[in-house]
Amino acid sequence: MLKLSFIVPAEFVNQINEMLLEEDTLSISMLDADVNTEAEEAIFGEHPNQDSQYWKRTIVNISVLDQSIANNLINKIQSESNLDIQFNIETIADIDWVKQTQSQFNPIQINEKLWIIPTWHQIQQHNAINIILDPGLAFGTGSHPTTQLCLNWLTENIRPSMSCLDYGCGSGILAIAAEKLGAQEIIGTDIDLQAIQASIDNAKNNHCTLSKFISSEENISGQYDIVVANILSSALKVLAPVISNYTKSHGKIALSGILKQQEDEIKVAYKDWFEFDRSQELDGWLLMSATKKSKAFLYL
C-alpha cells in the first residue's frame with residue numbers, strides 16, 4: 001500500500017475531493033501543513049463557508065493500493081487543477097489491525113482477588129476471580145479509572161446473598177463482578193439497548209446465570225443492598241432520589257464518573273438520603289460511597 005501526499009491551498013481542496021470521488025482510493029485525510037508552527041490555524045470544520053473548513057495550506061493524504069493508481073491520480077490532479085504541486089509517495093507497511101488493536105488490551109489486575117482478561121489472553125491467576133471481557137461498543141473494559149474504582153469497591157463490599165443493582169451497566173462488567181463475588185440477585189440496567197445486549201453476551205461468556213439486564217425504560221422492582229452507578233456526574237445528580245428509592249435502609253451506594261471538583265455537588269444532591277464515606281481517588285476520578293440513612297426522605 002502507498003501513501004500519496006501533497007499540499008494545496010484551501011480553495012482547491014473541494015475540487016481535489018471531487019476529483020477523487022470515482023478513483024480507486026482507500027482513504028483520504030486532510031491536515032494543516034503548518035501544524036505546530038506560528039501559522040497553525042484552529043479550524044475544525046465548524047464554519048459554514050465551504051473554503052474556510054480547510055487550512056490555507058492543506059496537506060492531502062491519499063492511500064492507494066499500488067504505484068499505477070498513484071501515477072494516474074498524480075496525472076489527473078496535475079491536468080485538472082493547473083497547480084504546481086509537489087507529490088510525495090511512501091510505502092505503508094501492511095498491518096494486521098486486529099492484532100494491533102488487541103495488543104493495546106492486556107489483562108488488568110484490579111486487586112489480589114480480581115482480574116479482567118481479554119479472550120485472546122490466557123488466565124494468569126487461576127485462584128483469582130477472572131472476568132473474561134473484550135473491548136466493545138459498551139463502556140466498561142476495566143481499563144478506565146472509574147471502572148477500576150467500582151470493581152475494587154465491590155470486592156471490598158459485596159457479601160454472599162446480597163442483592164445488587166448496576167445502574168448504567170454498560171458492558172455489564174460491574175454486575176458480572178458482583179455475581180462472581182457472591183451476590184445472589186443482580187440487576188443491570190441501561191438506556192442503551194446495545195449496552196444491554198453486550199451485557200447479556202458478556203454475562204453468558206462468564207457463565208453468570210443470576211445477573212439480569214433490562215432497559216432503563218422497564219420497571220425495576222424492589223430495593224437492593226448495593227447500588228452502583230458509574231455514569232456521568234450530571235446524571236448522578238438528577239438520579240439521586242431514584243437511586244435512593246432503589247437502595248435498602250442501611251444499604252450502600254457507590255457512585256463514580258465524578259471528577260474531584262464535582263464532589264461537593266454530588267454530596268449536596270444526596271444529603272437527604274445518605275451519609276458519605278471518604279471518597280476514593282484514582283487519576284483524578286472519584287468513587288463516592290455512602291450508606292442510606294434509616295429515616296431517609298422517600299421520593300414519590
Side-chain angles (χ1 to χ4, degrees), residues 1-106 118-120 133-141 143-144 168 170-171 190-199 201 215 231-232 234-235 257:
M1 187 164 62
L2 301 176
K3 182 173 78 172
L4 175 65
S5 302
F6 53 94
I7 298 175
V8 293
E11 60 268 24
F12 286 96
V13 176
N14 285 327
Q15 180 184 347
I16 296 295
N17 272 329
E18 291 176 4
M19 290 182 198
L20 299 175
L21 285 177
E22 298 180 359
E23 301 300 322
D24 294 326
T25 58
L26 300 176
S27 67
I28 305 170
S29 63
M30 316 293 179
L31 298 170
D32 186 356
D34 296 312
V35 67
N36 296 326
T37 72
E38 292 183 356
E40 180 178 353
E41 297 178 278
I43 295 175
F44 304 100
E46 71 272 27
H47 302 293
N49 185 305
Q50 285 294 310
D51 291 337
S52 66
Q53 68 178 310
Y54 300 112
W55 302 273
K56 290 178 182 178
R57 296 191 332 121
T58 298
I59 297 177
V60 181
N61 294 314
I62 307 170
S63 299
V64 296
L65 281 176
D66 54 43
Q67 186 69 51
S68 63
I69 297 175
N71 291 338
N72 289 337
L73 288 177
I74 290 171
N75 292 335
K76 182 170 185 175
I77 293 168
Q78 285 179 324
S79 64
E80 296 188 21
S81 68
N82 294 318
L83 296 173
D84 182 17
I85 299 175
Q86 300 296 317
F87 294 92
N88 180 66
I89 298 177
E90 60 181 290
T91 301
I92 302 174
D94 290 334
I95 297 175
D96 186 330
W97 291 108
V98 173
K99 289 185 177 179
Q100 180 79 0
T101 301
Q102 290 180 345
S103 68
Q104 300 174 36
F105 295 93
N106 292 313
T119 55
W120 51 85
L133 192 74
D134 290 342
L137 294 176
F139 176 78
T141 63
S143 60
H144 196 274
S171 68
D190 205 289
I191 60 174
D192 186 350
L193 295 181
Q194 286 185 320
I196 297 298
Q197 188 58 55
S199 297
D201 294 339
S215 168
I231 53 181
L232 296 175
S234 56

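Computed over heavy atoms, backbone and side chain alike; hydrogens, waters and symmetry mates excluded.
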What one should report as the nearest heavy-atom pair of Thr58 and Ala10 is OG1-CA, 4.4 Å

Sorted by chain and number, sequence neighbours left out, side chain to side chain donor-acceptor pair (under 3.5 Å) with Thr119 holds for Asp134

Rounding to 0.5 Å, atoms CG (Asn61) and OG (Ser29) come to a distance of 4.0 Å

The salt bridge (charged side-chain N to carboxylate O under 4.0 Å, His left out) partners of Glu80 (sequence neighbours excluded) come to none

Those residues at least two apart in sequence (or on a different chain) that pass salt bridge (charged side-chain N to carboxylate O under 4.0 Å, His left out) with Asp34 are Arg57

Nearest heavy-atom approach of Asn82 to Ser79 is OD1-O, 3.9 Å

- Item | Pairwise side-chain contact, Thr25 with Leu73, heavy-atom cut-off 4.5 Å (strictly under) | yes

Exercise. Can you check whether Glu40 reaches Trp55 side chain to side chain, under 4.5 Å on heavy atoms?
Worked result: no

Across all chains, not counting sequence neighbours, the side-chain contact (heavy atoms from CB on, under 4.5 Å) partners of Ser143 are Ile108, Thr141

Output for pair (Ile85 CD1, Ile7 CD1), nearest 0.5 Å, gives 10.5 Å

Hits for side-chain contact (heavy atoms from CB on, under 4.5 Å) against Ser234, two or more places apart or cross-chain, chain-then-number order -> Leu232

In short, salt bridge (charged side-chain N to carboxylate O under 4.0 Å, His left out) pairs touching residues 64-77 with sequence neighbours left out are Glu23-Lys76

Ile92 side chain near Ser63 side chain, heavy-atom distance below 4.5 Å:
yes

Start with the C-alpha distance between Tyr54 and Val8, add both sets of side-chain angles, then the distance that settles side chain to side chain contact (heavy atoms under 4.5 Å, CB included), and finish with yes or no. CA-CA 10 Å; Tyr54 300 112; Val8 293; over 6 Å; no

When every non-hydrogen atom of Gly170 is compared with those of Asp190, the smallest separation belongs to N-OD2, 3.0 Å

Those residues at least two apart in sequence (or on a different chain) that pass salt bridge (charged side-chain N to carboxylate O under 4.0 Å, His left out) with Glu90 are Lys3

Met30 side chain reached by Asn17 side chain, heavy atoms, under 4.5 Å = yes

Residues pairing under ring pair (Phe, Tyr, Trp, His ring centres under 6.0 Å) where one sits in residues 58-85, two or more places apart or in two chains, turn out to be none

Side-chain donor-acceptor contact under 3.5 Å, Asp201 with Gln197: yes

Residues at least two apart in sequence or cross-chain that pass side-chain contact (heavy atoms from CB on, under 4.5 Å) with Ile89, listed by chain then number, are Leu2, Leu4, Gln67, Ala70, Ile74

For Asp24, the side-chain contact (heavy atoms from CB on, under 4.5 Å) test, sequence neighbours excluded, returns Ile69

- Task: Report, as yes or no, whether the 6.0 Å neighbourhood of atom CD1 on Ile191 holds more than 12 heavy atoms from other residues, nucleotides or ligands.
- Result: no

d(Ile28 CD1, Leu20 CG) to nearest 0.5 Å is 4.5 Å

Residue pairs passing the ring pair (Phe, Tyr, Trp, His ring centres under 6.0 Å) test with at least one member in residues 56-87, sequence neighbours excluded, are Phe6-Phe87

So ring pair (Phe, Tyr, Trp, His ring centres under 6.0 Å) across residues 56-75, not counting sequence neighbours, yields none

